[in-house]
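Here the structure is laid out as structure tokens; the discussion comes afterwards.
Residue numbering restarts at 1 for every chain, and letters A, B, ... go by the order of the sequence lines.
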Protein chains: 2
Amino acid sequence: MTSDASKPAPARPVGRPRRPGLPSGSGLTSSAARSTGRAGGETVTGRVFSILEVFDHDHPALTLTEIARAAALPVSTAHRLVGELAAWGALERGADGAYRIGLRLWEVGSLAPRSVGLRERAMPFLEDLYEATRQNVQLAVRDGHEGVYVERLAHPDAVRLFSRVGGRWPLHGTGVGQVLLAFAPPVVQESVLAAPLTSFTARTITDPAVLRRTLAGIRRDGVAVCDGMIDLASLSVAAPVRGEGDAVVAAISVVVPSPSTPGGIEPRTLVPAVRAAARGISRAIGAPTPSRTPRTLRTDVPRPSS
Amino acid sequence: MTSDASKPAPARPVGRPRRPGLPSGSGLTSSAARSTGRAGGETVTGRVFSILEVFDHDHPALTLTEIARAAALPVSTAHRLVGELAAWGALERGADGAYRIGLRLWEVGSLAPRSVGLRERAMPFLEDLYEATRQNVQLAVRDGHEGVYVERLAHPDAVRLFSRVGGRWPLHGTGVGQVLLAFAPPVVQESVLAAPLTSFTARTITDPAVLRRTLAGIRRDGVAVCDGMIDLASLSVAAPVRGEGDAVVAAISVVVPSPSTPGGIEPRTLVPAVRAAARGISRAIGAPTPSRTPRTLRTDVPRPSS
DNA sequence: TCCTTTGCTTCCGGTGGACGGAAGCCAGCC
DNA sequence: GGCTGGCTTCCGTCCACCGGAAGCAAAGGA
């Protein structure tokens, strides 16, 4: 429900708080006049988070000084806070003196219903899909204007992807992203359509009107086919996962070599499998029966699947 | 490196900070005399962590009042802190008003090298092991006196397990745990052997002398077979995963029906596959080549362990 | 060997933000 | 209507956080 649009204008508008830039040059006693006392309006928790945000996939291990510099904190302050974080286990200090994200923090994060909770129930279906295609299978949810990848099964020989578990991508360029956007609250859609659409390849949709039509098509078909929009060599087929109240809570996709490349795969053949897996997950997480289908599916039957 | 034993007695002795119990009754102005001001010696970060610790697998969603009660904080204080946590994304508030662990926290936790970093590289080997056995495959690391499960692949028809991703178990009762313990620093081993060994089934090892012999056997064979120590119906075969400097950083296991049950599996047949997978992972994460050493086991070598 | 640099840790006085009681508010229920 | 339980806001008090400065240790360079 973070930055969701059930309320018109929640406190946190949509994105995540940006990382504070480094202080202008190293000019001490410059603009921020307040010489002593803490910098204006910053809470302790805010500083703690700014420390955690310093870590990312390209910087998994940092020394105290690096943390202090990147989080724009005095070294002594960073020292104290980092010490408290490490004492609890949110950070761990390696033999080299560098700090890393700690196991304890991962443990708590694993309780997030929208990540691991979802993942656990989706896993059997993802496995099946993976077995059937032997390519890349992905599970993602939406957070603000971005898709967050919750799980990824990648065959070593499959097309190489840019996504990572825990990584983010803009919604308009990926298969799962387009699905999540197509079923997002109108406010979110308009907001994305209003902002400039960054281009990754020559095939990325950058025209809002085209994107709008694409989204309508996805809503109609219940599936998205996204060819070469992030990487010209790969194509993804994505479908929505629905939860309680029939709301779209996640999306799955299969990523295969684009048919325009040697060894490419025709997307048409993948659509049924992806859609079936998405429906399976939806049922597993408590979605109501998929409309008035001819089949009288009974959601509560403990169908052994196998 | 949390609570690791390179230093004899770090600040945090070994376990995780215990959850503070509820205040004695509801007696106000009772024992804790300090009527105003914050409770003795508690830091802001400490309170934030105490809030996060309130969540566990059995309590994934809590209301403000429940959080305040469980964390032993005044409601107004909890309200402020929870608000800051939710603003950042560490918590999310559902439509029902309850708070849950947020996606953002999971995202940061995913950067922990000992969890997701390890998992990513181990996954292909775990997949293969899963395919070969169609049972349960697990990956775990040690934190203090407990094993933490980092990944688990479970076939729907396989033996039901009590472990969960992100869950903890004492080291002496599980296959991966015994492996992790066998190769843990001597201080940790002695500490575990000195403490009472809780029993889960009639087969759980509770005698320190027996455990000591078992660990020696595991070091000798490079594999642990653990039959019915948590659940009489299941048996696990585990092997160590080594990292840089040849230190044991994780363990993997396959859990199958115990041979003493109908449909049970003879562990002997699984050993080669588990060992091979463990070696594969070790290689993938940068362990030195296994070499042909007739294992002159040196658990206590000062080697800086990197 | 001495000096410099870089980074980490400890210390301590001042103060501004955290604290939490109290009051207000809103549903749901008897 | 009155009541209960839970959530939110407000504001005066005060103490824990803050961060400059000094001390330490290790790594390089002359």
**Q.** Pairing residues for B:V165 by the side chain to side chain contact (heavy atoms under 4.5 Å, CB included) criterion, not counting sequence neighbours
**A.** A:W106, A:R119, A:E120, B:E151, B:R152
Q.
I want to verify a distance call: between C:dA18, D:dT8, C:dT9, whose nearest atom is closest to the B:R93 side chain?
A. D:dT8
Q. Counting side-chain heavy atoms from C-beta on, which of D:dG19, C:dC19, C:dT9 comes nearest to A:R80?
A. D:dG19
Q. Among D:dT8, C:dG20, C:dT9, which nucleotide sits nearest the side chain of B:R47?
A. C:dG20
Q: List in chain and number order the residues that pass salt bridge (Lys or Arg N to Asp or Glu O under 4.0 Å) with A:E190, two or more places apart in sequence or in another chain; answer none if no residue qualifies.
A: A:R212
Report, one pair per line, the protein and nucleotides 21-23 of chain D atoms (nitrogen or oxygen only) whose separation is under 3.5 Å.
none

Q: When you get a sec, tell me which of C:dA18, D:dC18, C:dG21 is the closest nucleotide to the side chain of B:P74?
A: C:dG21
Q) Pick from A:V54, A:L85, A:L64: which one makes a side-chain contact (heavy atoms from CB on, under 4.5 Å) with A:Y99? A) A:L64
Q.
Tell me whether the NZ or CZ atom of A:R142 lies within the 45° cone about the ring axis of A:F183 and under 6.0 Å from its centre.
A. no
Q. Whole-Å distance between D:dC17 C1' and A:L73 CG?
A. 13 Å
**Q.** Atom pair distance, as rounded to whole Å: CG in A:D96 and P in C:dT6
**A.** 20 Å
Q) Rounded to the Å, how far apart are A:L81 CG and D:dA16 P? A) 16 Å
Q) Using 4.0 Å as the upper bound for N to carboxylate O, is an ion pair formed by A:D143 and A:R168? A) yes
**Q.** Basic-acidic side-chain contact under 4.0 Å: A:E107, A:R104
**A.** yes
Q: Mind calculating the distance between CG (A:L64) and P (C:dT6) to the nearest angstrom?
A: 16 Å
Q) How close or far is atom C1' of D:dA16 from atom CD of B:E42, stated in whole angstroms? A) 12 Å
Q: Considering just the side-chain nitrogens and oxygens of B:T43, establish if one lies under 4.0 Å of OP1 or OP2 belonging to D:dA16.
A: no
Q. In whole angstrom, what separates B:H79's NE2 from C:dA23's P?
A. 19 Å
Q. So, the side chain of B:R219 versus the backbone of B:A182: is there a donor-acceptor pair under 3.5 Å, distance only?
A. yes
